[in-house]
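Read the structure below first, then the notes.
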Amino acid sequence: MDDSYDVVVIGGGAAGLSGALTLSRARRSVLVIDAGEPRNAPAGHIHNYLGREGTPPGELLAIGRKEVAGYGGEIVTGTVTSAEKVGDGEFRVTLADGRAVGARRLLVTTGLVDVLPDIPGVAERWGRDVLHCPYCHGWEVRDQPVGVLAGSPLAVHQALMWSQWTDRVTLFLNDANEPTGEEYEQLAARGVAVIDGAVAGLEVRDDRLTGVRLRTGRVFPLAAVVVPPLFRARADFLTTLGLGTTEMEMAGHVIGTAVAADATGATAVPGVWVAGNVADPKAQVIVAAGAGLTAAATLNADLIAEDTRLAVAGALSR
């Protein structure tokens with residue numbers, strides 16, 4: 001690493017690499033710091049990414065890294081522990097191993113952590129046959145038996161969503177909120193079965209999910225299970241800049257946290273932009289990549305304005 005860059009991108013997923021590519025092509029000096037812990041690592045393939053449908057997540061990142069490097073961008077492996085202002089418009093980014101680097105601007109694309117229900121087997125099967133988003137995995141389990149494990153007030157919404165991909169959806173109440181009379185009508189109209197009682201764990205055979213087991217011992221055969229994770233933004237290191245997270249809601253219910261920003265990704269701290277899941281928990285990979293480009297273009301315009309002011313000031317002083 002050099003001592004200082006125009007932009008340090010913290011996070012090397014789709015949003016970060018897209019932003020880094022845009023900035024490198026804009027002839028900016030760019031460093032990407034990536035912890036190597038992509039959220040979608042357990043998933044076998046990326047979906048709904050036009051031109052890259054079905055690409056393994058690791059392959060997409062490898063392609064992106066090569067493209068960034070091809071335009072002079074640098075990429076290092078490391079975990080950022082703090083970021084702070086050290087001068088007029090300058091930032092200092094410190095890594096866990098003690099390395100530090102300066103930057104005129106920061107683009108934070110660290111994503112989020114899926115906080116999963118504490119049910120035996122869920123974490124081990126996450127992203128494989130324990131799922132959340134039907135747009136990511138619905139086609140792969142179409143027409144198969146799918147169980148939705150209630151864990152939030154949005155469970156009925158999830159069950160109705162998944163019934164678009166299969167007419168074999170079962171909602172397990174799991175001792176959570178009882179559906180209203182209207183919701184029961186909606187579920188019945190869509191052919192969703194409702195099972196009362198707490199879920200004890202998942203049934204797995206030959207490294208494949210086969211069903212859900214209730215505490216009563218009863219087992220329901222399933223091909224996939226849907227759970228409601230809590231989306232927690234990876235942004236603790238931003239507290240040294242006075243930048244925290246806010247709660248994100250859906251239909252009046254908290255679904256996680258994110259770093260607040262405007263439509264371009266600009267945060268409340270001048271010089272700091274965010275993009276991807278750290279700012280929008282619902283963003284799929286292609287949306288995160290687009291957000292990275294938008295933030296990078298706006299960030300570059302901000303640097304151009306600053307460079308112009310400095311050039312004018314230098315000309316006037318001569």
Side-chain angles (χ1 to χ4, degrees), residues 38-49 53-58 112-177 179 183 186-231 250 255-256 277 281-282 284-285:
R39 176 195 180 196
N40 62 355
H45 305 88
I46 291 169
H47 298 292
N48 304 311
Y49 200 127
E53 171 62 27
T55 300
L112 60 81
V113 174
D114 294 291
V115 182
L116 301 171
D118 186 19
I119 297 174
V122 165
E124 293 79 4
R125 309 300 305 178
W126 176 241
R128 300 163 67 189
D129 36 33
V130 173
L131 314 171
H132 167 65
C133 172
Y135 295 103
C136 301
H137 301 284
W139 176 263
E140 282 64 42
V141 295
R142 64 193 183 282
D143 299 327
Q144 299 182 56
V146 173
V148 176
L149 305 191
S152 81
L154 297 174
V156 171
H157 168 75
Q158 280 189 301
L160 294 174
M161 284 278 289
W162 280 85
S163 68
Q164 172 62 28
W165 282 263
T166 175
D167 59 3
R168 302 168 70 186
V169 176
T170 301
L171 173 60
F172 294 87
L173 295 183
N174 196 28
D175 287 349
N177 297 338
E183 288 174 331
Q186 294 171 343
L187 293 166
R190 294 289 288 183
V192 177
V194 180
I195 303 298
D196 203 357
V199 173
L202 307 184
E203 292 287 304
V204 178
R205 184 179 302 113
D206 297 329
D207 195 30
R208 184 169 183 169
L209 176 75
T210 59
V212 161
R213 183 180 68 262
L214 300 186
R215 287 181 185 171
T216 60
R218 187 179 178 187
V219 174
F220 292 82
L222 296 170
V225 163
V226 176
V227 299
L230 186 69
F231 309 120
M250 180 177 177
I255 62 172
N277 285 151
K282 300 185 297 297
Q284 293 193 31
V285 180

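Worth knowing before you read on, the calculation uses all heavy atoms, side chains too, and leaves out hydrogens, waters and symmetry mates. Nothing here was measured: the structure is a model prediction, and the numbers come from that model.
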(message) If you count heavy atoms of other groups shown closer than 6.0 angstrom to CZ of Arg142, is the number above 12?
(response) yes

(request) Give the minimum heavy-atom separation between Pro229 and Leu116, together with the two atoms involved. (result) CB-CD2, 3.9 Å

(request) Nearest 0.5 Å please: distance from the CG atom of Leu214 over to the CZ atom of Phe172. (result) 6.5 Å

Would you be so kind as to tabulate the donor-acceptor pairs closer than 3.5 Å made by side chains of residues 220-227, with sequence neighbours excluded?
none

(request) State whether the side chain of Asp167 and the backbone N or O of Gly191 hold a donor-acceptor pair below 3.5 Å, judged by distance alone. (result) no

(request) Kindly give the heavy-atom pair with the smallest separation between Gly54 and His45, and that separation in Å. (result) O-CD2, 2.8 Å

(request) Decide, yes or no, whether a salt bridge links Asp114 with Arg39 under the criterion of side-chain N to carboxylate O below 4.0 Å. (result) yes

(message) Within the 4.5 Å heavy-atom criterion, are Thr170 and Val212 side-chain neighbours or not?
(response) no

(message) Quick one: does any side-chain atom of Thr210 pair with a main-chain N or O of Glu203 as donor and acceptor, under 3.5 Å?
(response) yes

(request) List the atom of Ala159, the atom of Val169, and the distance in Å for their closest heavy-atom pair. (result) O-CG1, 3.9 Å

(request) Determine whether Trp162 and Arg190 make a side-chain contact, defined as any pair of heavy atoms from C-beta on separated by less than 4.5 Å. (result) no

(request) Measure the CG-CD1 distance between Leu149 and Ile195 for me, rounded to the nearest 0.5 Å. (result) 12.0 Å

(request) Using atom types as modelled and distance alone, determine if a side-chain donor or acceptor of Asp129 lies under 3.5 Å from a backbone N or O of Leu209. (result) yes

(message) Any non-hydrogen side-chain atom of Leu187 less than 4.5 Å from a side-chain atom of Ser163?
(response) no

(message) So, using side chain to side chain donor-acceptor pair (under 3.5 Å) as the criterion, who are the partners of Arg128 when residues are at least two apart?
(response) Asp207

(request) Report yes if some heavy atom in the side chain of Pro117 is under 4.5 Å from a heavy atom in the side chain of Pro228; otherwise report no. (result) yes

(message) Please find the pair of heavy atoms, one from Trp165 and one from Tyr135, that lie closest to each other, and give the distance.
(response) CH2-CE2, 3.8 Å

(request) Return the orientation label for the Trp126 and His132 ring planes: parallel under 30°, perpendicular over 60°, tilted otherwise. (result) tilted

(request) Check whether any side-chain N or O of Arg168 sits under 3.5 Å from a backbone N or O of Asp143 as a donor-acceptor pair, and report yes or no. (result) yes

(request) Begin from the C-alpha positions of Leu230 and Ile255 and carry the test side chain to side chain contact (heavy atoms under 4.5 Å, CB included) through to its verdict. (result) CA-CA 6 Å; Leu230 186 69; Ile255 62 172; 5.6 Å; no

(message) Could you tell me if the side chain of Asn40 sits less than 4.5 Å from the side chain of Ile46, heavy atoms only?
(response) yes

(message) Does any part of the side chain of Gln284, heavy atoms only, come nearer than 4.5 Å to the side chain of Cys133, both counted from C-beta?
(response) yes

(request) Please examine the side chains of Arg213 and Leu202, heavy atoms only from C-beta on, and report whether any two atoms are closer than 4.5 Å. (result) no

(message) Within this structure, what is the CG-SG distance for the pair Leu131 and Cys136, rounded to the nearest 0.5 Å?
(response) 9.0 Å

(request) Mind checking ring pair (Phe, Tyr, Trp, His ring centres under 6.0 Å) for Tyr49 and listing every partner two or more places apart, or none if nothing turns up? (result) none

(message) Quick check for you: to the nearest 0.5 Å, what is the distance between Glu183 atom CD and Leu171 atom CG?
(response) 9.5 Å

(request) Compare every heavy atom of His47 with every heavy atom of Glu140, then report the nearest pair and how far apart it is. (result) OE2-CE1, 3.4 Å

(message) Looking at every non-hydrogen atom in both residues, tell me the closest pair between Ala150 and Ala176 and how far apart they are.
(response) CB-CB, 4.0 Å

